[in-house]
Q: 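Right, I'll just put the structure down here and ask away after.
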Amino acid sequence: DGTGATDGGTDGGELTPVKLQLQWLPQGQFAGYFAAVDQGYFEEEGLEVEIIPSGGDIVPQDALANGDVDYAIAWVPKVLGSIEAGANLTNIAQIFQRSGTLQVSWADSGIDSVADFEGKKIGSWGFGNEWEIFAAMAAEGLDSSTVQIITQDFNMNAFLQGDIDAAQAMTYNEYAQLLESVNPDTGELYQPDDFNVISYQDTVGAMLQDAIWADTERLESDEAYQETTVAFLKAVIKGWVYAADNPQEASDITIAEGSGWGPSHELWMVNETNKLIWPAPDGVGMIDEAAWNATVEGALSAVNEAGASPITEEPPATAWSNDYISQALEALEADGVDVTGEGFEPIDVELAEGGN
Amino acid sequence: MRGVDKIFETTSGHVQALDAIDLTVAAGEFVSLIGPSGCGKSTLMRLIADLDAPSAGTVSVFGKTAKQARLDQEYGIAFQSAGLLPWRTVAANVALPLELHGVASAARSGRVAELLDMVGLSDFADRYPDQLSGGMQQRVAIARSLAEQPRLLLMDEPFGALDEMTREKMQAELVRIAAETGAAVVFVTHSIPEAVFLSDRVVVMSPRPGRIREIVPMRLGVDTRRAARTEELREERGFFEMVTAVREALHGETPVTAGPRGVETR
Amino acid sequence: MRGVDKIFETTSGHVQALDAIDLTVAAGEFVSLIGPSGCGKSTLMRLIADLDAPSAGTVSVFGKTAKQARLDQEYGIAFQSAGLLPWRTVAANVALPLELHGVASAARSGRVAELLDMVGLSDFADRYPDQLSGGMQQRVAIARSLAEQPRLLLMDEPFGALDEMTREKMQAELVRIAAETGAAVVFVTHSIPEAVFLSDRVVVMSPRPGRIREIVPMRLGVDTRRAARTEELREERGFFEMVTAVREALHGETPVTAGPRGVETR
Amino acid sequence: MVWGAVGIVVIALIWEAYKLLGPSDGVVIAGARVLPRTTDLAMPHVWDMVGRLAEPVTRSPSALPLWAVVGLAALTTLGIAAAGWLVGVIVGIGLALVMQRWRIAEWGLLPWIVISQTVPLIAFAPVVKSWGSRVEIGAFEWQDWMSVALIASYLAFFPIAIGALKGLQSPDRIHEELMQTYAAGYWPTLVKLRFPAAVPYLLPALRLGAANAVVGAVVAEVSTGLQGGIGRILIQFAGQASGDPAKAWGPIFGAIVLGLVAAGSVALLGVILKNYRRTEEAA
Amino acid sequence: MSTVAATGRGRMSLRTESTLRVVAPITVGLIVLGIWQFLVSVVGVSDYLLPSPASIVEEFIAYWPSIVQATLITGTNALVGLVFGSILGIALAALAARWKVIDRMSAPVVAALAVVPIVALAPVLNSMFGADSQFGRQAIAGIASFVPVFLNTLRGFRQTTPVHRDLMKAYAANSSQVLRTLTLPTARPFILTGIRIASSLAVISALVAEYFGGPRGGLGALISTSAASSAYARAWAYVVASIVLGLIFYLATLGLERLVQRGRPAGVAR
Ligand SMILES: Nc1ncnc2c1ncn2[C@@H]1O[C@H](COP(=O)(O)OP(=O)(O)OP(=O)(O)O)[C@@H](O)[C@H]1O
Ligand SMILES: Nc1ncnc2c1ncn2[C@@H]1O[C@H](COP(=O)(O)OP(=O)(O)OP(=O)(O)O)[C@@H](O)[C@H]1O
Ligand SMILES: Cc1ncc(C[n+]2csc(CCO)c2C)c(N)n1
Ligand SMILES: [Mg+2]
Ligand SMILES: [Mg+2]
């Protein structure tokens, strides 16, 4: 194993090729990975990482399970479903410590909590993004038949025009879309106090989101892959640290990587994403067992309108592991990197019309 | 028809289809138009039917303008292709003009039965046109053209698509029908024997511009009336004489060509 | 052709298209087949051309089986519709059989020029079929059928779609061409005058089942050779006599019908 | 041509007139909104949609004008669609040849070819991408755009197969028999008769295939998230439609122009082959 | 040997022919299904990647109520779209056939509609007509149906032969009589062909439109949700349902075509 995957192996000659599958188009949500490429962190670890964006219908964990890629970014409840369906995957780093999903309603709608959903038109994107909603509703004693689920498309028009009473929104994306839109009554942009915001992080339905997944069998049998995994995680953490320290640069890097968002929206997204990651008291990427169990609980209780649940039984123990992230964190801490982000301070971002 | 001209404007210039045509058809008379392709036979007929308008001159039918005659349904018409509506049965095809002119259903079916009887297709009333032979289709078209008892029948090469044997049968039938109904007939054809067999007068036309070259009156044997136009006629001497006369009018020769020619036919 | 039968299987049962046909055509002879629609004329011709196989009996062409004759390209064929390929120029259409049989390009264009000259279309070599009149198209088809100097020419109503005047011109031309090339011709037609004008012998057929009713030899005037078949012939007395003879063979009557008939034509 | 422009202007006028006069929440009859909302969000002004094309995509200093971004993306998609179309042409004509040659093949395959078009292929885009990513033969490595082209070809081959089959079966009996009398075998008959006779059927089929290839390519780009094409900016800008409604129309117009260009280029082919279409005008 | 190709077609008794017409496609289908099952169960392509036909059938049965429900939703949208798209197509084609100006003006618009991808229109239509109703999907199915119906109908309206038009003029028929007795019957086979082509397009468009917003519950939404949660056998079960739905539409319109044309020649009028 002369590739020196564990220690700054640029001098080791050949770089190890690695493919990372994202779960959406390039955007600030993935700024840390792009920063790691741009700043040469992967190269320092002896890796040559190709970041593969996805589109409407690509399921990242399936790309991983099929062997198309080496690592994938995906939400935990979605992958739990895939694991139950036969995929053999392991969560090796829980990048987002918090859920970034909101349910937004109009300030005067009287919908301020999940309990108020009953009988309302509730927006969701589908594609497995809806399990938090059903889990939170289940905790309030509501099932999917008590609301009307409307599939949201790529923007917030359905909500703005009243087709949806409470729309699903990510703090880093759709919520910003609202604040970038002109209120036809005032001619100005909408303001935060125009809306009620329900954060799933504050509900029982909260679930773990962006995590890095690896192939379980390869982790067990392939030593090079294990080493690559630790090296990969080290670079990723450095990337996110960079994004936390330099949100503007990280945002510019992402735009250069092909994100089509305007500069203000991109910066907002990087900043909000940072808030979901930092501070990380156990170290960035560490999987909090309590949060994991809560996610499993929620996934077991959620039932959609077709009567299906993401999972029907507890996931196997192989579904998560802190082994690799711990090694990476240790090595980085030894190098003096702040991996908890204790001093993290978000910035203030002003959104421009249309996010431009 | 007085001094009728017809000029078509095409992309490549004017086409003088008809030039100074004078022609009068008597009631009950059978007149054939014959001439080489493009001499304006069809055009002439279409003017009478008011399907086209003359560029100069007047066309009058029974003392009315052609248009009025069309609106009053003074004539029946048949074309080279039968022009039946393929989605209508034979009976419904014959009934079409009656239907369009609001004849009551009962009267209509009576008339249709009568007409189909006349053309010998009573047994085929419920067939569709594609189940009939070409000759039968043409008979349906003739029945249709007779539906409203027109005093004038216009026929543009109605037997052009038929084989010779069917054609001869249809000719005999047309003679009978025309005699029965007493209608005047204007009949376009390419066939000299056909024109000779059917007509009281044969109008020979020449092309570019379309003109009447000669009008050949038919005097067949002793008896010139229609009743005499039986099958045997075709093998008579007078018939061949008339054929020759029309041939020569058509070929435009003053009949002085040399060569071995049977003197008897002159 | 010996004791040839042809039976078609259809949804509604068997159709006996031909029954016990015996016919021999001499080299250089012009034979016409005539008969009512459905009597099997086309079927007979298709058997000779090996486009269908007989149900019984044998067809031999120049001592070979029909199939061998087809593979050896012993005959040329022309149909009722000219059947030109619309995307090929006149010259390319005529060249088609030569092209298919690997005649070198130079030899090909020489032969094509010759053929077009023969049918009088040299000026139209680069035109497309849709730019020609029906008669001209038919002439191209005839040129094509002659391309490989066949000893036998098969023609199924080649002039059926033409008007009478063009038709007469084409007939004269065919007589000339057949004489020039010395090919035997089997010619299907519906027209008695046409058969009479062209043929050495006229085969009269009757339908259901298709049988040969009579073979009428043509003796036109004193000189029975082709050279005599000029335009004037059509107006000769002997011509009308032959027409009458074929008519009667066709209508199947022993010629005893009464009625006023010119004695001279008998 | 002029009338076509008038037609477009009329549509624009109707759009603006309705926007001016129609109720902002649209016309709702029996619970169904039968006429659209007239808000700027739902129906941007025509001049906003056109004007937006001239402005830069974003405020970022390196941003190109919207029209240029749409144009570049359209070119990328055009290339992919063209590849898909070519594959569709080969497969479609190949199938047609087989079906024309053996009637049993026609009976066995044709129903499935018809059924194939009822399969919602959007469901398979990820599968195609995934299977494709495993293809690696020697130096050849499967690219993501090839998956998109493959899906485009799936939509393109259908009209081509049907049209080509009809065309190859179209020669008049008389022409077939003529070839038979010339003792011409299968291949000469194919080359000299069937293909030329098929041209009038093939051309509209190829045109339809081209339009389908574009539609398929765009759908597959959206579905697989392929970078660089019109499908990608379609979802990208649709995501920005709340704050910038006019922007989302840019790629829509781009997709339409793209389809017209694709179909139009095939029409050019028709001009080249005009001698094989002589019967068409007459008919 | 090669000439057999030209003559060879049609040397077969009618009974064998009609048998083969049914047997051949079924055989092809069974062969494909067999290879598929073989790949999965014997060669061992993982069931996760490519569900076996057997497991699809299992899911099909397990989710039967949901499948019926979803098929009804999508089917209704497709049907509404097909009906209104066809009516609109026929009406506009009638206008275009009557007035050349409308024909010329509509040409670019129709050409545009013919090439616009559903993915492009879906979000916009949802925005215009409301994401909480099925109307957006119905509109998309309608647009997809409109194009072939319009084009075919227009062609049909142009099929009247000069003889028939002359005949109508000779009968001094007024324009509504001409429409009723000549133009519509002439165009009918073309209209029906257009509707048949439109039928499967309507289904597939209504289904794909569900990918881009609107109420949940249709086949499209369930296919995507199942696939997103890696329940591929279930996704396939919904796909099978959508194929069946497409076939039902196709066969229904084909039946309609046959029914209306029964006893009548399909060809062009003589
Ligand atoms: N609609 C038209 N536009 C232009 N020219 C026309 C039109 N109709 C007829 N013509 C021309 O007018 C002339 C006479 O045509 P017409 O159809 O009356 O001839 P015809 O004697 O009936 O010929 P045929 O025997 O072939 O039927 C021809 O030169 C023809 O080309
Ligand atoms: N392929 C076929 N299948 C079944 N019956 C056929 C077929 N071809 C011809 N027939 C029948 O065989 C008989 C003879 O047909 P054929 O075409 O030889 O007649 P024909 O004398 O050429 O008639 P026409 O003068 O109309 O051309 C007819 O009764 C016809 O219906
Ligand atoms: C078809 C489709 N539409 C919208 C979204 C919404 N979305 C945009 S980014 C993001 C966070 C996850 O990456 C989410 C949920 C989606 N995923 N898929
Ligand atoms: Mg005429
Ligand atoms: Mg025949």
Side-chain angles (χ1 to χ4, degrees), chain A residues 23 55-62 65-68 74-75 77-89 120-131 144 147-165 167 299 304-311, chain E residues 45-52 55 59 62-70 73 119-137 208-238:
Chain A
Q23 54 175 333
D57 306 320
I58 297 297
V59 182
Q61 65 270 28
D62 286 340
N66 292 344
D68 305 343
W75 286 11
K78 300 192 212 180
V79 184
L80 291 180
S82 301
I83 290 175
E84 193 166 295
N88 229 342
L89 307 175
K120 295 290 196 277
K121 291 182 279 194
I122 303 301
S124 165
W125 301 294
F127 289 97
N129 295 309
E130 67 276 35
W131 298 122
S144 52
V147 299
Q148 190 190 346
I149 297 288
I150 310 272
T151 305
Q152 284 175 219
D153 59 14
F154 312 102
N155 54 51
M156 296 301 277
N157 288 1
F159 171 71
L160 288 172
Q161 303 196 101
D163 300 335
I164 293 173
D165 296 321
N304 72 6
E305 70 274 27
S309 287
I311 52 173
Chain E
V45 175
S46 96
D47 202 52
Y48 181 75
L49 270 178
L50 180 67
S52 69
S55 59
E59 290 286 313
Y63 281 83
W64 176 249
S66 151
I67 283 174
V68 171
Q69 184 76 24
I73 290 175
V119 279
L121 277 189
V124 167
L125 286 177
N126 275 335
S127 201
M128 285 167 68
F129 290 101
D132 57 342
S133 80
Q134 301 282 2
F135 194 85
R137 285 101 179 246
V208 171
E210 289 175 25
Y211 272 64
F212 304 97
R216 294 239 289 179
L219 286 170
L222 290 177
I223 291 172
S224 70
T225 304
S226 308
S229 46
S230 303
Y232 283 107
R234 199 184 319 151
W236 274 91
Y238 288 118

Q: At a 4.5 Å cut-off on heavy atoms, which part of I149(A) comes close to chain E: side chain, backbone, both, or neither?
A: both
Q: Any donor-acceptor pair under 3.5 Å linking the side chain of D163(A) with the backbone of A131(E)?
A: yes
Q: Quick check for you: among A231(E), A228(E), S230(E), which has the greatest number of heavy-atom pairs under 4.5 Å with chain A?
A: S230(E)
Q: Under 4.5 Å from any heavy atom of chain A, what part of S66(E) do you find: side chain, backbone, both or neither?
A: side chain
Q: Please report the shortest heavy-atom distance between R216(E) and N304(A), naming the atom on each side.
A: NH2-CB, 4.5 Å
Q: Looking only at heavy atoms, what is the nearest atom pair of T225(E) and F127(A), with distance?
A: OG1-N, 4.5 Å
Q: Quick one: which of A122(E), G214(E), P123(E), S224(E) has the most heavy-atom pairs under 4.5 Å with chain A, could you say?
A: G214(E)
Q: Answer with side chain, backbone, both or neither: which region of E84(A) has an atom nearer than 4.5 Å to a non-hydrogen atom of chain E?
A: neither
Q: Check the pair D57(A), Y211(E) against side chain to side chain donor-acceptor pair (under 3.5 Å), reporting the backbone distance first and the verdict last.
A: CA-CA 9 Å; D57(A) 306 320; Y211(E) 272 64; 5.3 Å; no
Q: What residue, out of G86(A), S82(A), A85(A), has the most heavy-atom pairs lying under 4.5 Å from chain E?
A: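 Ranked by heavy-atom pairs under 4.5 Å with chain E, first place is S82(A).
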Q: Closest approach of D153(A) and F212(E), non-hydrogen atoms and distance?
A: CB-O, 3.6 Å
Q: Mind checking what makes side chain to side chain donor-acceptor pair (under 3.5 Å) contact with S124(A), not counting sequence neighbours?
A: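 For S124(A) the side chain to side chain donor-acceptor pair (under 3.5 Å) partners, ignoring immediate neighbours, are Q168(A).
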Q: Between S133(E), G130(E), P65(E), G213(E), which shows the greatest number of heavy-atom pairs under 4.5 Å with chain A?
A: G213(E)
Q: Determine the option with the most heavy-atom pairs under 4.5 angstrom with chain E, choosing from A87(A), A65(A), G81(A).
A: A87(A)
Q: Taking Q161(A) for its side chain and S127(E) for its backbone only, find out whether a donor-acceptor pair lies under 3.5 Å.
A: yes
